[in-house]
Amino acid sequence: MNWKLIIVGGLAYYIAAFAVSMISGPFIHEGILQEAYIATAEFWRPELRQVPPDMAALMPMWITTGLITSFILAGVYGVFRKALGGPAWQRGLKFGIAAWLLQASSMAGWSGVFNLPANIWAWWAIDALVFVVVGSIVLGIVAEKLAPVEQQA
């Protein structure tokens, strides 16, 4: 287990994914899905139902969970990256697609539990595809600089 890869790679993944989500978020969450969110208000945290929504109140939780999951993803990537083949960016891309497929599969399962409109699940999956893949490509590049695959035991 390479802790430098987990910490630095996880931070790189988080920063890249967060940057992409800051671009896609307003377009998807404040644009396309705004009416669907209003129609399903009972599902959302009280901070998000305020006018205007109190996003700052949720940032500590979002940042904490985002960092923890980024470190976990970086650790998983460190275990599987040798099996992916290709240059660092391509290994990251392959990992990102695999991670997204697992996430989308979970979303599909949860859609059978939570009564949210299909367009919410679809747009969440599209949003996740973009930020998970971009974050994973960055993770692949950073991981290769920190601990090249050839030197892994």
Group every Ile, Leu, Val, Met, Phe, Trp and Tyr by side-chain heavy-atom contacts under 4.5 Å, then state whether [X] and [Y] land in the same group.
{"X": "Val142", "Y": "Leu5", "result": "no"}
{"X": "Ile63", "Y": "Ile68", "result": "no"}
{"X": "Tyr13", "Y": "Ile72", "result": "yes"}
{"X": "Leu73", "Y": "Val138", "result": "no"}
{"X": "Phe18", "Y": "Leu67", "result": "yes"}

Smallest separation among heavy atoms of [X] and [Y], with atom names:
{"X": "Arg91", "Y": "Leu84", "result": "O-CD1, 3.3 Å"}
{"X": "Met107", "Y": "Ala128", "result": "CE-CB, 4.0 Å"}
{"X": "Gly75", "Y": "Ile6", "result": "CA-CG1, 3.6 Å"}
{"X": "Pro60", "Y": "Ala56", "result": "CD-O, 3.4 Å"}
{"X": "Ala88", "Y": "Glu144", "result": "CB-CB, 3.5 Å"}

Please determine whether the number of non-hydrogen atoms from other residues, nucleotides or ligands lying under 6.0 Å from atom [atom1] of [X] exceeds 12.
{"X": "Arg45", "atom1": "CZ", "value": "no"}
{"X": "Met22", "atom1": "CE", "value": "yes"}
{"X": "Trp110", "atom1": "CH2", "value": "no"}

Determine whether a donor-acceptor pair (N or O, by modelled atom type, separation under 3.5 Å) exists between the side chain of Thr64 and the backbone of Met61.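 No: the side chain of Thr64 does not pair with the backbone of Met61.
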If only atom types and distance count, is the side chain of Trp123 paired as donor or acceptor with the main-chain N or O of Ile32 below 3.5 Å?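 Answer holds: no.
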Do [X] and [Y] come within less than 4.5 Å of each other through their side chains, counting heavy atoms only?
{"X": "His29", "Y": "Tyr37", "result": "yes"}
{"X": "Ile141", "Y": "Ile137", "result": "yes"}
{"X": "Tyr77", "Y": "Ser136", "result": "no"}
{"X": "Ser24", "Y": "Val130", "result": "no"}
{"X": "Phe27", "Y": "Leu33", "result": "no"}

Residues Thr40 and Trp44: side-chain donor-acceptor under 3.5 angstrom: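 The criterion, which ignores hydrogens and geometry beyond distance, is satisfied for Trp44 and Thr40.
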Give me the ring orientation class for Phe43 and Phe114: parallel if the planes are under 30° apart, tilted from 30 to 60°, perpendicular past 60°.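 Judged by the thresholds at 30° and 60°, the geometry between Phe43 and Phe114 is perpendicular.
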